[in-house]
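Starting off with a structure, shown below.
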Number of protein chains: 2
Amino acid sequence: MTAHLPHTLRSDARDNRARILDSARAVFAEEGLAAPVRQVARHAGVGPATLYRHFPTKRDLIAATFAEQQRACRAVIREAVADPDPWHGFRSLIEGICELHAHSRGFADAFMASFPEAVDFDADREQSLRAASELARRAQEAGRLRPGFVVDDLILVLMAHRGVQDMPPDTRLAASRRFAAYMIDAFRATP
Amino acid sequence: MTAHLPHTLRSDARDNRARILDSARAVFAEEGLAAPVRQVARHAGVGPATLYRHFPTKRDLIAATFAEQQRACRAVIREAVADPDPWHGFRSLIEGICELHAHSRGFADAFMASFPEAVDFDADREQSLRAASELARRAQEAGRLRPGFVVDDLILVLMAHRGVQDMPPDTRLAASRRFAAYMIDAFRATP
DNA sequence: AGCCAACCGGACGGGGGCGTCCGTTACGGT
DNA sequence: ACCGTAACGGACGCCCCCGTCCGGTTGGCT
């Protein structure tokens with residue numbers, strides 16, 4: 001049995017951990033998960049060893065870094081599904097996820113598991129997809145979403161959207177929104 | 001003045017060069033430009049030094065590897081522009097470029113210069129964009145392409161399409177075509 | 001056949017990223 | 001104020017990738 005260590009970190013350790021997570025969010029958001037761990041450490045004003053003590057592997061760091069974004073993503077999906085107008089919900093879902101991904105390349109990378117070593121978002125993704133599928137079905141029944149749409153198309157959008165993130169940083173957000181708008185247009189049913 | 005070397009390589013050298021280019025096409029197509037040069041050499045059954053003698057830098061190898069694809073790309077654009085029906089030409093252009101990019105991740109990478117060290121396709125891209133812009137204008141005047149379309153949207157499509165290439169190899173082509181179809185739908189004018 | 005040059009490829013150096021070790025620092029309880 | 005211990009961080013080893021060097025090999029011309 002593992003003797004459980006004290007749940008209270010020393011003040012400096014707690015401070016450093018917080019700064020590391022903030023830095024990880026900033027660095028990974030800007031440069032994606034390809035950014036070196038040392039750069040996160042430098043950004044946090046901390047030695048590499050300190051970072052590795054708090055997060056033994058890069059995977060752990062990524063998981064901790066994007067736990068919040070993951071919650072936000074779940075919230076977006078929950079709200080979209082709860083929308084009384086399924087087509088409006090569907091649009092909100094696409095716009096919302098794209099917005100989240102646009103604000104952090106790293107989160108988009110982790111979510112799409114484009115990095116094989118990235119954190120395991122599979123369970124979440126599976127569940128989200130199921131919910132989205134339900135929403136899409138209702139939107140189709142309402143005659144607003146084109147009948148040909150399948151859930152895999154949502155993955156298609158997300159994969160494609162990840163490619164948009166490789167544009168120059170100052171145009172990323174606008175490009176992301178424009179892309180989302182086009183895709184929604186493509187998914188709209190033609191009466 | 002540089003004394004010009006004989007334009008005829010020795011038979012084994014010529015053979016190796018050809019095998020290297022074939023291997024480069026195969027490897028870069030499958031794994032993108034991130035694939036190590038040594039892997040190309042191994043695939044060709046050749047030592048690294050031999051490869052580097054024929055192509056002093058990775059950039060050179062990439063340039064030589066995709067010269068043919070680049071010509072194919074120019075041809076696609078030329079034919080699209082020459083199409084008497086500008087909207088049909090516009091669709092052909094998107095489908096054609098996507099198809100080319102779908103058949104080789106490496107070419108897509110090189111074309112979009114997502115790799116900073118990649119070959120300089122800028123001149124080509126600029127010229128192609130100008131031609132595409134002309135085609136788009138005519139398609140808009142014909143009332144088939146939506147008025148809001150701008151040339152940057154073509155770049156948007158290509159960047160997004162590059163993201164689609166990160167899907168599993170067996171689904172790439174289908175996903176690419178489906179994506180192209182959706183984007184064309186989104187660009188279609190709504191009367 | 002014989003020779004020379006062109007060619008080949010294993011081995012090397014340089015750089016960068018991930019994760020680890022150990023001597024030093026500083027928190028916090030007494 | 002003191003001391004034990006948790007925490008820190010510079011330096012290290014390891015691996016992978018790019019590009020180079022040199023001794024051995026082979027093509028092709030006489």
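Naming: A, B, ... by sequence-line order, numbering from 1 per chain. Nothing here was measured: the structure is a model prediction, and the numbers come from that model.
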Problem - Contact under 4.0 Å: B:S11 side-chain N or O vs D:dG28 OP1/OP2 - result: yes
Handout entry: salt_bridge(B:R177, B:E95) N-O dist < 4.0 Å
Key = no
Exercise for the section: State the CH2-CD distance between A:W87 and A:Q140, to the nearest 0.5 angstrom. Expected result: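 It comes to 10.0 Å.
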Handout entry: B:R172/B:E30 salt bridge by N-O under 4.0 Å criterion
Key = yes
Practice task
Output yes when B:D15 and B:R19 qualify as a salt bridge under the 4.0 Å nitrogen-oxygen rule, no when they do not.
Solution key: yes
Handout entry: Chi angles and distances behind the ring pair (Phe, Tyr, Trp, His ring centres under 6.0 Å) call for A:F187, B:Y182
Key = CA-CA 8 Å; A:F187 289 150; B:Y182 272 131; 4.8 Å; yes
Exercise for the section: Kindly say if A:Y52 contacts the phosphate of C:dG19, meaning a side-chain N or O under 4.0 Å from OP1 or OP2. Expected result: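 Checking C:dG19 against A:Y52, a side-chain N or O does come within under 4.0 Å of OP1 or OP2.
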Problem - Residues from residues 17-31 of chain A lying under 4.0 Å of DNA chain C - heavy atoms - result: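 The answer is none.
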Practice task
Can you tell me the distance, in whole Å, between the CZ atom of B:R10 and the C1' atom of C:dC3?
Solution key: 13 Å
What are the atom names and distances for every N/O pair under 3.5 Å that joins the protein to nucleotides 10-17 of chain D?
none

Practice task
Could you state the atom-to-atom distance from CZ of A:R14 to C1' of D:dC8 in whole Å?
Solution key: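 A:R14 atom CZ is separated from D:dC8 atom C1' by 16 Å.
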Practice task
Inspect the contact between B:R105 and B:D166 and indicate whether a charged nitrogen and a carboxylate oxygen are less than 4.0 angstrom apart.
Solution key: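 B:R105 and B:D166: salt-bridged.
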Fill in the blank from the handout: By nearest-nucleotide position on DNA chain C, the 5'-leaning member of A:R53 and A:Q39 is A:Q39
Exercise for the section: For A:D15 and D:dC8, give me the distance from atom CG to atom C1', rounded to whole Å. Expected result: 13 Å
Practice task
Ignoring backbone atoms, test whether A:H54 places a side-chain nitrogen or oxygen under 4.0 Å from the OP1 or OP2 oxygen of D:dC8.
Solution key: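 So the side chain of A:H54 is within the cut-off, an N or O lying under 4.0 Å from OP1 or OP2 of D:dC8.
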Problem - Modelled atom types, side-chain donor and acceptor of A:S176 and A:H161, under 3.5 Å - result: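 Judged by distance alone, the side chains do pair up.
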Exercise for the section: Check the pair A:R25, A:D22 against salt bridge (charged side-chain N to carboxylate O under 4.0 Å, His left out), reporting the backbone distance first and the verdict last. Expected result: CA-CA 5 Å; A:R25 259 184 287 273; A:D22 282 345; 3.3 Å; yes
Practice task
Take atom CG of A:D12 and atom P of D:dT5, then tell me their distance rounded to the nearest Å.
Solution key: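 Taking atom P of D:dT5 as the reference, CG of A:D12 is at 17 Å.
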Handout entry: Distance in angstrom units between B:N16 CG and C:dG9 P, rounded
Key =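 Interatomic distance, CG of B:N16 to P of C:dG9: 6 Å.
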Exercise for the section: Please report, rounded to the nearest Å, how far the P atom of C:dG19 is from the CZ atom of A:R59. Expected result: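 Interatomic distance, CZ of A:R59 to P of C:dG19: 11 Å.
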Handout entry: Of A:R137, A:R138, A:R144, the residue whose pairing with A:E141 passes salt bridge (charged side-chain N to carboxylate O under 4.0 Å, His left out)
Key = A:R137
